[in-house]
Amino acid sequence: MTLEQFYKEISDAIVELNKEKAISLANRAIEEDLVLLDVIEKGFGDGIRRIGDLWEEGEFFLPELMLGGTIMQESLEILLPHLKKQGEQVSSGIVVIATIEGDIHSIGKTIVATMLSANGFEVYDLGADTSAEKIIETAIKKHADIIGVSALLTTTMFGQKKVIELLESKGMRDNFKVILGGAPVTPSWVEESGADGYADNAVEAVKLVKKLINK
């Protein structure tokens with residue numbers, strides 16, 4: 001089997017949501033001493049991108065998107081320790097993500113965090129009901145590139161703005177890109193709050209983060 005065929009087999013396993021096969025292929029990549037960065041990018045990464053496309057086309061729904069992301073993450077957990085041994089840099093960037101204080105909704109944010117991890121980002125998910133102070137403190141400590149703040153209620157949206165205002169008051173606004181998420185978020189709210197962008201869904205969030213990090 002050529003390398004290209006091997007990558008395709010991995011990609012297909014992810015799209016078919018076949019966890020056993022994906023994990024078995026991850027282990028095989030280690031046993032055969034393949035370049036794991038290529039295995040992740042051309043195999044697993046390709047599969048997760050295809051799942052994203054299928055979701056956008058309405059072929060896949062939220063459970064498939066979540067399951068694909070979970071299978072990808074579990075496969076990566078097998079590969080990452082070996083990747084570090086190969087001395088290759090795996091993180092595409094560092095993201096701190098949370099649902100803002102007063103808001104206990106976390107499913108959408110969790111999906112975004114999973115999809116970002118699956119796409120090679122180092123993600124620190126602080127969960128729901130997180131204060132603006134804690135989000136910033138973690139972003140500083142983890143040397144984050146991006147801060148993602150989710151709010152599902154119009155009453156908690158102002159917490160998103162508070163994160164940006166706090167960064168400004170600390171003179172640190174330029175240190176991080178801040179992105180927003182959640183049902184009530186609109187382009188005009190992004191502008192008003194001074195954020196760097198927002199995404200409607202997990203697939204868009206991954207594209208946005210990549211775009212902002214590559215700027």
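Only heavy atoms go into these numbers, but all of them, side chains included; no hydrogens, no water, no symmetry mates. Here the structure is a predicted model, which is why all the values come from computation and not from measurement.
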Taking only residues two or more places apart in sequence or in another chain, which ones pass side chain to side chain donor-acceptor pair (under 3.5 Å) with E64?
none
Q160 side, atom CD; I179 side, atom CD1 - distance, nearest 0.5 Å:
10.5 Å
Got I147 and I135 here, is their nearest side-chain heavy-atom distance under 4.5 Å?
yes
Hey, any chance V149 and L152 share a hydrophobic cluster, counting ILVMFWY side chains that come within less than 4.5 Å of each other, even indirectly?
no
In short, A26 meets I78 closest at the heavy-atom pair CB-CG2, 4.4 Å
Atom pair CD1 (I23) and CG (N18), whose distance is rounded to the nearest 0.5 Å:
10.0 Å
Which is it for F121 and I146 under the side chain to side chain contact (heavy atoms under 4.5 Å, CB included) test, yes or no, and what are the steps along the way?
CA-CA 10 Å; F121 292 94; I146 304 258; over 6 Å; no
Salt bridge K8-D46, side-chain N to carboxylate O under 4.0 Å
no
Within the side chain of D129, is there an N or O that forms a donor-acceptor pair under 3.5 Å with the backbone of G102?
yes
Begin from the C-alpha positions of V95 and V112 and carry the test side chain to side chain contact (heavy atoms under 4.5 Å, CB included) through to its verdict.
CA-CA 11 Å; V95 182; V112 170; over 6 Å; no
Do other residues, nucleotides or ligands put more than 12 heavy atoms under 6.0 Å from L62 CG?
yes
Hydrophobic cluster membership, Y7 vs L76, 4.5 Å side-chain cutoff:
yes
Once you round to the nearest 0.5 Å, how far does CG of N214 lie from OG of S92?
9.0 Å
With the threshold set at 4.0 Å, does a side-chain nitrogen-carboxylate oxygen contact exist between R49 and D53?
no
From F61 atom CZ to L54 atom CG, the distance as rounded to the nearest 0.5 Å:
11.0 Å
Looking at E101 and A132, what are the two nearest heavy atoms and their distance?
OE1-N, 4.5 Å
Correct closest heavy-atom pair for A202 and L65 would be CB-CD2, 4.4 Å
Would the number of heavy atoms belonging to other residues, nucleotides or ligands and lying under 6.0 Å from CD of E20 be above 12?
no
Report whether L34 and M1 are members of the same hydrophobic cluster (ILVMFWY, side-chain heavy atoms less than 4.5 Å apart, transitive linking).
yes
Answer yes or no: are there more than 12 heavy-atom neighbours, outside K210 itself, under 6.0 Å from its atom NZ?
yes
Cluster link L3 to L36, ILVMFWY, side chain under 4.5 Å
yes
Going by ring pair (Phe, Tyr, Trp, His ring centres under 6.0 Å), name the residues that satisfy it together with F158, two or more places apart in sequence or in a different chain.
W189
E191, CD: over 12 other non-hydrogen atoms inside 6.0 angstrom:
no
Any chance you could lay out the side chain to side chain contact (heavy atoms under 4.5 Å, CB included) test for S193 and L180, step after step, and finish with the verdict?
CA-CA 10 Å; S193 61; L180 309 180; 3.6 Å; yes
Salt-bridge contact R173-D196 (side-chain N to carboxylate O under 4.0 Å)
yes
Looking at every non-hydrogen atom in both residues, tell me the closest pair between D125 and A113 and how far apart they are.
OD2-CB, 3.7 Å
Distance check, rounded to the nearest 0.5 Å: L212 atom CG versus D145 atom CG?
10.0 Å
Would you say T99 and T130 make side-chain contact, with heavy atoms under 4.5 Å?
no
Who passes side-chain contact (heavy atoms from CB on, under 4.5 Å) against A144, sequence neighbours left out?
I94, V96, A139, F176
Which is it for I100 and K162 under the side chain to side chain contact (heavy atoms under 4.5 Å, CB included) test, yes or no, and what are the steps along the way?
CA-CA 10 Å; I100 199 63; K162 187 182 172 187; over 6 Å; no
Might you point out which heavy atoms bring A151 and T156 nearest each other, and give the distance in Å?
CB-OG1, 3.8 Å
Tell me whether L153 is reachable from V163 by hopping between hydrophobic residues (I, L, V, M, F, W, Y) whose side-chain heavy atoms are closer than 4.5 Å.
no
Heavy-atom pair with the smallest gap, counting every atom of L116 and A205:
CD2-O, 4.5 Å
SB check E168 K161 (cutoff 4.0 Å)
no
Where the side chain of E133 meets the backbone of L166, is there a donor-acceptor pair that is under 3.5 Å apart?
no
Is it true that E32 and R28 have a side-chain N and a carboxylate O under 4.0 angstrom from each other?
yes
Do R50 and I14 make a side-chain contact, defined as non-hydrogen atoms from C-beta onward lying under 4.5 Å apart?
no
Measure the spacing between OG of S75 and CG of N27 and express it to the nearest 0.5 Å.
9.0 Å
